[in-house]
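Structure, as structure tokens:
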Amino acid sequence: AYERTCRYFAGKSNSVVVSVGYRLAPEHPYPAQFEDCLTATIHFMRTAQDYGVDPSRIIICGDSSGGTLTAAVAQALVNRRDLPKLRAQILIYPFLQGVDFNLPSYQQNGGVPILLKERTLAFGLKYLNKDLSMMKAMFKCCYIPEDLQLKYQKWVSPD
């Protein structure tokens with residue numbers, strides 16, 4: 001389903017794009033998806049030259065849960081000295097934070113069908129194998145202790 005998009009990104013950025021057909025939830029619970037993506041990316045980075053690919057030109061990309069996985073893989077690889085550095089990561093509407101679901105992006109996109117807040121939270125909880133009964137507390141951000149809210153406020157804030 002993503003071949004055309006991946007080819008477009010590769011052509012426009014003059015880079016290599018790695019696309020991984022990772023195992024899907026709920027049949028394969030988290031962290032199977034992350035492990036699949038990380039394993040495939042490491043393998044490709046180590047063997048890129050075998051395919052005539054310059055390892056310094058690799059970009060990883062994902063949308064929705066794939067964007068979340070892309071960010072996680074990039075973080076897992078950032079301090080690796082045994083691998084080349086990724087050229088970039090492309091994140092398309094990823095799910096990146098679970099601290100405040102009332103930030104401007106949630107308000108601005110609340111009516112966009114694919115990004116509906118309730119749907120996004122339900123998918124996120126299902127992805128992490130968590131109980132959907134947490135949704136009400138998540139909407140109100142009352143599941144995070146006040147001291148942690150204050151600690152992370154400078155990074156997760158409408159301001």
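Within 6.0 Å of atom CZ in Arg80, more than 12 heavy atoms from other residues, nucleotides or ligands are found, so the atom counts as buried in its surroundings.
Among residues two or more places apart in sequence or in another chain, the side-chain contact (heavy atoms from CB on, under 4.5 Å) test is passed with Glu118 by Met135, Phe139. With sequence neighbours excluded, no residue forms a side-chain hydrogen bond (donor to acceptor under 3.5 Å, both in side chains) with Asp100. Residues that satisfy the side-chain hydrogen bond (donor to acceptor under 3.5 Å, both in side chains) test with Ser56, not counting sequence neighbours, are Asp54. Scored by the side-chain contact (heavy atoms from CB on, under 4.5 Å) test, Ser19 finds Cys6 as partners (sequence neighbours excluded). Taking the side-chain contact (heavy atoms from CB on, under 4.5 Å) definition, one finds that Ala137 meets it with Cys142, Tyr143, sequence neighbours left out. With sequence neighbours excluded, no residue satisfies ring-ring contact (aromatic ring centres under 6.0 Å, His included) with Tyr8. In terms of the side-chain contact (heavy atoms from CB on, under 4.5 Å) criterion, residue partners of Pro104 (sequence neighbours excluded) are, by chain and number, Gln108, Pro158.
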Cut-off 3.5 Å, no hydrogens considered: what does the side-chain donor-acceptor table look like for residues 36-49, sequence neighbours left out?
unit_1	atom_1	unit_2	atom_2	d
Asp36	OD1	Arg23	NE	3.1
Asp36	OD1	Arg23	NH2	2.8
Asp36	OD2	Arg23	N	2.9
Asp36	OD2	Arg23	NE	2.8
Thr39	OG1	Glu35	O	2.8
Thr41	OG1	Cys37	O	2.7
Arg46	NH2	Asp82	OD2	3.0
Thr47	OG1	His43	O	2.8

Between side-chain atoms of residues 84-93 and protein atoms elsewhere (two or more places apart, or another chain), which donor-acceptor pairs fall under 3.5 Å?
unit_1	atom_1	unit_2	atom_2	d
Lys85	NZ	Val78	O	2.5
Arg87	NH1	Ser15	OG	2.8
Tyr93	OH	Asp63	OD2	2.8

Exercise answer: donor-acceptor pairs, residues 64-76 side-chain atoms, under 3.5 Å, sequence neighbours excluded:
unit_1	atom_1	unit_2	atom_2	d
Thr68	OG1	Ser64	O	3.4
Thr68	OG1	Phe95	N	2.9
Thr68	OG1	Phe95	O	2.9
Thr70	OG1	Cys61	O	3.2
Thr70	OG1	Gly62	N	3.2
Thr70	OG1	Gly66	O	2.7

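A distance of 7.0 Å separates CD in Gln33 from OH in Tyr22, rounded to the nearest 0.5 Å. Taken to the nearest 0.5 Å, the NZ atom of Lys130 stands 7.0 Å off from the CE atom of Met134.
Under a hydrophobic-cluster definition in which Ile, Leu, Val, Met, Phe, Trp and Tyr are linked whenever side-chain heavy atoms come within less than 4.5 Å, directly or via other members, Ile144 and Leu121 are assigned to the same cluster. Hydrophobic clustering, with ILVMFWY side chains joined whenever heavy atoms are under 4.5 angstrom apart, keeps Leu150 apart from Phe101. Leu96 and Leu116 fall into different hydrophobic clusters, where Ile, Leu, Val, Met, Phe, Trp and Tyr side chains are chained together by heavy-atom contacts under 4.5 Å.
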- Message: Using the rule given for side-chain contact (heavy atoms from CB on, under 4.5 Å), can you reason through Leu103 versus Gln97, listing the C-alpha separation, both sets of side-chain angles and the distance that settles it, and then say yes or no?
- Response: CA-CA 10 Å; Leu103 293 175; Gln97 66 86 17; 3.4 Å; yes
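When every heavy atom of Glu27 is checked against every heavy atom of Pro29, the shortest pair comes out as O-CD, 3.6 Å. When every heavy atom of Lys126 is checked against every heavy atom of Leu132, the shortest pair comes out as CE-CD1, 3.8 Å.
Side-chain N/O atoms of Asn109 and Lys117 include no donor and acceptor closer than 3.5 Å.
Here Phe123 sits alone; no ILVMFWY side chain lies under 4.5 Å from its own, so it joins no hydrophobic cluster.
Every pair tested for salt bridge (charged side-chain N to carboxylate O under 4.0 Å, His left out) that includes a residue from residues 144-154 fails, sequence neighbours excluded, so the list is empty.
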